[in-house]
Enquirer: 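There's a structure below that I have some questions on.
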Amino acid sequence: KKQQTTINEFFPRD
Amino acid sequence: MLEGKFEESSLMKKVVDAIKDSVKLCNFNCTEHGVTVQAVDDSRVLLISLLIGEASFEEYRCDRNITLGIDLESFNKIIKNGNSSDFLTLIAEDSPDNVLIIFEDKKKDRVSEYSLKLMDLDSDFLQIDDMEFDATITMPSSEFAKITRDLKTLSESLQIIVTKENVKFSSDGDFGTGNVVLKGFVDMDKPDESIKIDMARPINLTFGAKYIADIVKGTSLSESVTIKLADKSPALFEYKLPSGFLRFYLAPKFDE
């Protein structure tokens, strides 16, 4: 089963 | 003060249509260079980055940076009221409580004016540096939309596999499997029909099909879509505007 990642894991908050 | 006039209201209609199912509330940031939006869907899987460049407008003026906090569902109700060929003008004061939306038909015998209440929205800006991608595919946007819709009927995941020769879209579901393989080719007469595959490294990524189904709502904005992929990174799906772009960054799925 594949796990969904989120965009926050890749792009830091400015 | 912001005053932006589009030659046709259709561009804004298409932009709102393309993003309203992914995000409900977002800030439209207006600067002298144009209008930008950055927004993330509620599940934080899909990031939208929009630039409507100054040159997309027939007339554009924005003396100071202005933020318009917009409820897209409400905005859509108003924007649908204009005919696609109408001039569309957006007007806002420097610290606005509302934005004026004016439609004029080309004969100037009908002017419709609406006012939309603005909202004070928290802005949560993510830093997207220039990413390095391993593979880039440019293809007709309508073809990508059809592949997405077709394969989504089988599975909630959609796999994109890029090799030197081709790109394969694949889904594996409970009742069956499906895949569509495209090879690169050049259509000299209709360049937009061409399929271009640039690959530095092979790619095998899996995405939530429902998010890609939301992304292809941008199809009417551009004849072609560019898909940029890198291993273990969000994919970038880009629809070019006459001046600017609508970009979707989609976080991938990984094996547990």
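None of these values were measured; they are calculated from a predicted model. Residue numbers begin at 1 in each chain, while the letters A, B, ... track the order of the sequences.
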Enquirer: If you count every heavy atom of other residues, nucleotides or ligands that lies below 6.0 Å from B:K152 atom NZ, does the total exceed 12?
Expert: no
Enquirer: Would you check if A:I7 and B:P234 make a side-chain contact, meaning some heavy-atom pair closer than 4.5 Å?
Expert: yes
Enquirer: Is the number of heavy atoms from other residues, nucleotides or ligands within 6.0 Å of CD (B:E132) greater than 12?
Expert: no
Enquirer: Answer yes or no: does atom NZ of B:K228 have more than 12 heavy-atom neighbours from other residues, nucleotides or ligands under 6.0 Å?
Expert: no
Enquirer: For B:K20, look at atom NZ and say whether over 12 heavy atoms of other residues, nucleotides or ligands are found less than 6.0 Å away.
Expert: yes
Enquirer: Measure across B:S233 and A:F10 and return the closest heavy-atom pair with its distance rounded to 0.1 Å.
Expert: CA-CE2, 4.0 Å
Enquirer: Applying a criterion of heavy atom separation less than 4.5 Å, what residues of residues 31-55 of chain B form contacts with chain A?
Expert: B:V40, B:S43, B:R44, B:V45, B:L47
Enquirer: Where do A:T5 and B:P252 come nearest, in terms of heavy atoms and distance?
Expert: OG1-O, 2.5 Å
Enquirer: With distance as the sole test, does A:Q4 use its side chain to make a donor-acceptor pair with the main-chain N or O of B:F254 at under 3.5 Å?
Expert: no
Enquirer: Verify the neighbour count for atom CG of B:D63: are there more than 12 heavy atoms of other residues, nucleotides or ligands below 6.0 Å?
Expert: yes
Enquirer: May I ask you to test the B:M131-A:F11 pair for a side-chain heavy-atom distance under 4.5 Å?
Expert: yes
Enquirer: Using side-chain heavy atoms (C-beta onward) and a distance below 4.5 Å, is B:L126 in contact with A:R13?
Expert: yes
